[in-house]
Amino acid sequence: VTTDWRTSLPEDLRAEKSLADFKDVGALAKSWVETKRMVGDAVKVPGPEAKPEELAAFYAKAGRPEGPDKYSVKAPVFPEDMGLVWDTDLQSSFLADAHAAGFNNTQAQRMVDWYGRAMLRARDAEIVQTGDAMKRAETALRQEWGSAFDRNFELAYAAAHHPMFA
């Protein structure tokens, strides 16, 4: 005759529905051990009053490198004809702040990539604005110079490219 192992429990636990899945005390014990392991590996999110060492432990578990110089972030690569240069000093400054904020390497890389795309968008907008300004300037000069536009343009171009102005 097999008795239900839950009959040996205190009255208030016998009817506990979460225990119904366990066939015996061994299965309950195994589940308890697995749960304890899982809880032991869990990352506790620090509250608003967390001490710096608690935050540091949390950030380390979340993948933050030991120091700002330990990030393995790749700088964006820009097309050569765009005239853009990546500012490595700015990147170092960003990584110091990213480290203080607890960024892991993936987060830091995402922000560097985002900033690189923002630089490209800004440069694209600048190119469009410059092109528009050149068209407006040409239109104004054509109106002002009339039929002398081509000759005056050639003279201005020659003067601007003269060795004396190089």
Side-chain angles (χ1 to χ4, degrees), residues 12-13 16-141 153 156-166:
D12 60 328
L13 292 177
E16 176 61 43
K17 291 182 182 181
S18 64
L19 297 176
D21 295 336
F22 299 105
K23 296 190 185 330
D24 55 36
V25 174
L28 175 63
K30 182 177 180 182
S31 177
W32 174 253
V33 168
E34 289 171 0
T35 300
K36 291 298 280 182
R37 283 185 186 140
M38 186 174 67
V39 169
D41 290 340
V43 176
K44 182 180 178 236
V45 178
E49 304 298 322
K51 296 176 180 157
E53 57 273 8
E54 293 171 314
L55 288 171
F58 172 74
Y59 294 151
K61 272 205 161 192
R64 179 181 74 171
E66 289 180 21
D69 59 329
K70 302 296 184 197
Y71 284 101
S72 58
V73 172
K74 295 179 183 152
V77 177
F78 303 116
E80 288 185 30
D81 62 341
M82 295 294 280
L84 293 171
V85 177
W86 185 249
D87 187 338
T88 55
D89 290 336
L90 182 64
Q91 177 176 315
S92 294
S93 175
F94 163 73
L95 291 176
D97 279 359
H99 190 267
F103 283 30
N104 62 33
N105 200 75
T106 301
Q107 293 165 322
Q109 184 66 61
R110 295 263 326 227
M111 293 298 97
V112 166
D113 293 345
W114 172 86
Y115 189 67
R117 290 189 307 273
M119 287 178 66
L120 280 171
R121 282 192 305 274
R123 183 68 177 123
D124 286 344
E126 184 182 325
I127 290 168
V128 168
Q129 289 172 349
T130 300
D132 291 347
M134 289 176 66
K135 287 177 188 173
R136 287 192 304 277
E138 181 181 337
T139 299
L141 285 175
F153 183 82
Y157 184 86
H161 291 85
H162 191 276
M164 180 171 80
F165 298 111

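Reckoned from all heavy atoms, side chains included, excluding hydrogens, waters and symmetry mates.
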Please list all pairs passing the side chain to side chain donor-acceptor pair (under 3.5 Å) test where one or both residues lie in residues 85-94, with sequence neighbours left out.
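Pairs touching residues 85-94 that pass the test: Trp86-Gln91.
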Under the salt bridge (charged side-chain N to carboxylate O under 4.0 Å, His left out) test, residues paired with Arg123 that sit two or more places apart
Glu126
Return the set of residues passing salt bridge (charged side-chain N to carboxylate O under 4.0 Å, His left out) with Glu54 (not counting sequence neighbours), or none when no residue passes.
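Checked Glu54 against salt bridge (charged side-chain N to carboxylate O under 4.0 Å, His left out); zero matches.
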Are the side chain of His99 and the backbone of Leu95 linked by a donor-acceptor contact shorter than 3.5 Å?
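Such a contact is absent between His99 side chain and Leu95 backbone.
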Is a side-chain donor or acceptor of Tyr71 paired with a backbone partner of Phe103 at a separation under 3.5 angstrom?
yes
Side chains of Gln109 and Asn105: is there a donor and an acceptor less than 3.5 Å apart?
no
Could you measure the distance from the CG atom of Asn104 to the OH atom of Tyr59? Nearest 0.5 Å is fine.
11.5 Å
Rounded distance [0.5 Å steps], CE in Met119 versus CZ in Phe78
4.0 Å
Which pairs count as salt bridge (charged side-chain N to carboxylate O under 4.0 Å, His left out) when at least one residue sits in residues 57-81, sequence neighbours excluded?
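Sorted pair list comes back empty.
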Pairs flagged by salt bridge (charged side-chain N to carboxylate O under 4.0 Å, His left out) wherever residues 129-138 is involved - sequence neighbours left out:
Glu138-Arg142
For Phe22, look at atom CZ and say whether over 12 heavy atoms of other residues, nucleotides or ligands are found less than 6.0 Å away.
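Yes, because the 6.0 Å sphere around CZ of Phe22 holds more than 12 heavy atoms from other groups.
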Which atom names give the shortest non-hydrogen contact between Gly116 and Pro76, and what distance separates them?
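Closest heavy-atom pair between Gly116 and Pro76: CA-CG, 3.7 Å.
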Taking all non-hydrogen atoms of both residues into account, name the closest pair between Val112 and Ala75 and its distance.
CG1-CA, 4.5 Å
Show me the donor-acceptor pairs within less than 3.5 Å that the side chains of residues 25-40 make with the rest of the protein, sequence neighbours left out.
residue	atom	partner	partner atom	Å
Thr35	OG1	Ser31	O	2.8

Any side-chain heavy atom of Leu84 sitting closer than 4.5 Å to one from Pro79?
no
